[in-house]
Protein chains: 2
Amino acid sequence: MNRPLDQTDWRIIAALQEDGRLSFNQLGRRVNLSAPAVAERVRRLEESGVIAGYQARIDPVRAGLPLTAFVQLRCALTKCLLKTTNSDEFPEVVEVHKLSGNWCSMLKVRVASMPHLEGLLERIGTHGEMNSHVVLSTQYEGRAVEPPPTDPQLASRSEGWRR
Amino acid sequence: MNRPLDQTDWRIIAALQEDGRLSFNQLGRRVNLSAPAVAERVRRLEESGVIAGYQARIDPVRAGLPLTAFVQLRCALTKCLLKTTNSDEFPEVVEVHKLSGNWCSMLKVRVASMPHLEGLLERIGTHGEMNSHVVLSTQYEGRAVEPPPTDPQLASRSEGWRR
DNA sequence: CGTGAAAACACATGCAC
DNA sequence: GTGCATGTGTTTTCACG
């Protein structure tokens with residue numbers, strides 16, 4: 001329903017992922033556009049949902065949640081975590097994805113301590129078989145999304161089977 | 001090195017995770033504080049690193065990256081992805097975590113298409129054994145971090161072995 | 001550590017081009 | 001798309017509790 005994003009849009013997106021509080025003046029300077037022009041583009045990006053919002057990035061370690069873990073879940077179908085619980089029951093769960101493959105879902109959780117993690121896993125475990133991975137360190141997270149490649153080679157790679 | 005976060009700090013953190021562009025006026029209204037008071041607290045939170053920055057949330061689907069996948073990697077020690085490559089080589093990789101357990105790292109990747117994913121996995125695969133999980137749908141992501149529980153029961157759970 | 005009001009500043013917005 | 005004028009909202013400072 002929308003025009004594809006051009007290069008300038010992507011420069012705006014990059015700048016706002018770096019600093020979401022840039023004014024239209026500052027932003028315009030970075031992308032070589034006047035303030036009104038950039039304001040109009042940002043308005044479009046927000047309206048079309050490309051920009052879904054703005055948020056402060058909280059460092060979980062300094063906020064008292066130094067432990068991160070990934071939890072894979074193979075739900076018992078009748079009591080799938082995704083359906084039977086509202087998310088308020090598990091504020092520690094900051095991400096939930098439904099997966100293809102053997103495991104039906106992938107959670108990312110933030111906790112304050114090992115006992116906290118242990119207790120959380122016990123509560124989650126009632127929903128099905130479980131597999132957890134404790135994060136030792138995080139190289140990066142919430143990295144800026146970049147424009148997809150336009151490389152025609154890439155688009156044609158799957159054509160190999162035709163010949 | 002810093003005072004622990006009080007309840008007001010957490011209300012500020014919650015508000016700024018919801019809307020990172022709130023002015024001190026609006027923010028103050030939400031947490032029942034005057035603008036100067038809230039400005040001082042935010043300054044402290046930024047300085048101490050609890051607030052690590054502000055960023056626009058980009059919807060990867062609308063931005064042309066509708067596919068997300070998790071990739072677990074068991075690196076060949078000599079050519080570990082974490083050490084041998086700079087992150088610019090893999091703009092599709094938006095998260096990198098080092099893990100305990102069998103798999104040495106967990107990546108989250110965003111791609112434009114299946115051929116794109118296939119090509120990326122081939123490139124990543126040169127760094128070691130690999131295990132990938134395609135995300136079918138995402139319930140939520142980048143959920144607001146909440147204050148850790150103060151529940152004493154939780155902190156004492158690990159004492160069970162003493163008796 | 002908080003308030004409230006006033007000052008200086010920067011910003012978003014509209015319009016002519 | 002630009003550049004500028006305008007009015008509004010903001011940040012910031014300060015005296016005070």
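Every chain is numbered from 1, with letters handed out A, B, ... down the list of sequences. All values below were derived from every heavy atom in this structure, side-chain atoms included, with hydrogens, water molecules and symmetry-related copies excluded.
Taking a pair as Watson-Crick or G-U with both hydrogen-bonding distances under 3.5 Å, the stems of three or more pairs touching DNA chain D are C:3-6 with D:12-15, C:10-17 with D:1-8.
A donor-acceptor distance shorter than 3.5 angstrom exists from the side chain of B:Arg143 to the backbone of A:Val93, with no hydrogens or angles considered. Side-chain atoms of A:Arg11 come within 3.5 Å of backbone atoms of A:Arg30 as a donor-acceptor pair (strictly under, hydrogens ignored).
For the OP1/OP2 pair of C:dG2 and a distance below 4.0 Å, the side-chain nitrogens and oxygens of B:Arg41 include at least one atom meeting the criterion.
For the P atoms, the distance from D:dT12 to C:dA12 is 15 Å, rounded to whole Å. D:dT11 and C:dT13 are spaced 15 Å apart, taking the P atom of each and rounding to whole Å.
Residues B:Glu18 and A:Tyr54 bring no donor and acceptor atom of their side chains to less than 3.5 Å of each other. No hydrogens or angles considered: nothing links the side chains of B:Glu118 and B:His116 as a donor-acceptor pair under 3.5 Å.
Residues A:Leu99 and B:Val134 form no side-chain contact, since every pair of their non-hydrogen atoms from C-beta on lies 4.5 Å or further apart. Between A:Val71 and A:Asn131 the shortest side-chain heavy-atom distance does not fall below 4.5 Å.
Among the candidates A:Arg3, A:Arg41, A:Arg44, the single residue satisfying the salt bridge (Lys or Arg N to Asp or Glu O under 4.0 Å) test with A:Asp9 is A:Arg41. When each of A:Arg110, A:Arg123, A:Lys108 is tested with A:Glu92 by the rule salt bridge (Lys or Arg N to Asp or Glu O under 4.0 Å), just one qualifies, namely A:Arg123.
Nearest-nucleotide positions on DNA chain D place A:Val38 closer to the 5' end than the other of A:Val38 and B:Arg29.
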Write out a two-atom table: protein N or O, nucleotide N or O from nucleotides 11-16 of chain D, distance below 3.5 Å.
residue, atom, partner, partner atom, Å
D:dT11, OP2, B:Phe24, N, 2.9

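In this structure, A:Glu40 places its CD atom 18 Å from C1' of C:dC11, rounding to the nearest Å. The distance from atom CG of A:Leu33 to atom P of C:dA12 is 14 Å, rounded to the nearest whole Å.
Of the candidates C:dG2, C:dC1, D:dT10, D:dT10 carries the atom nearest the B:Gln26 side chain, counting heavy atoms from C-beta on.
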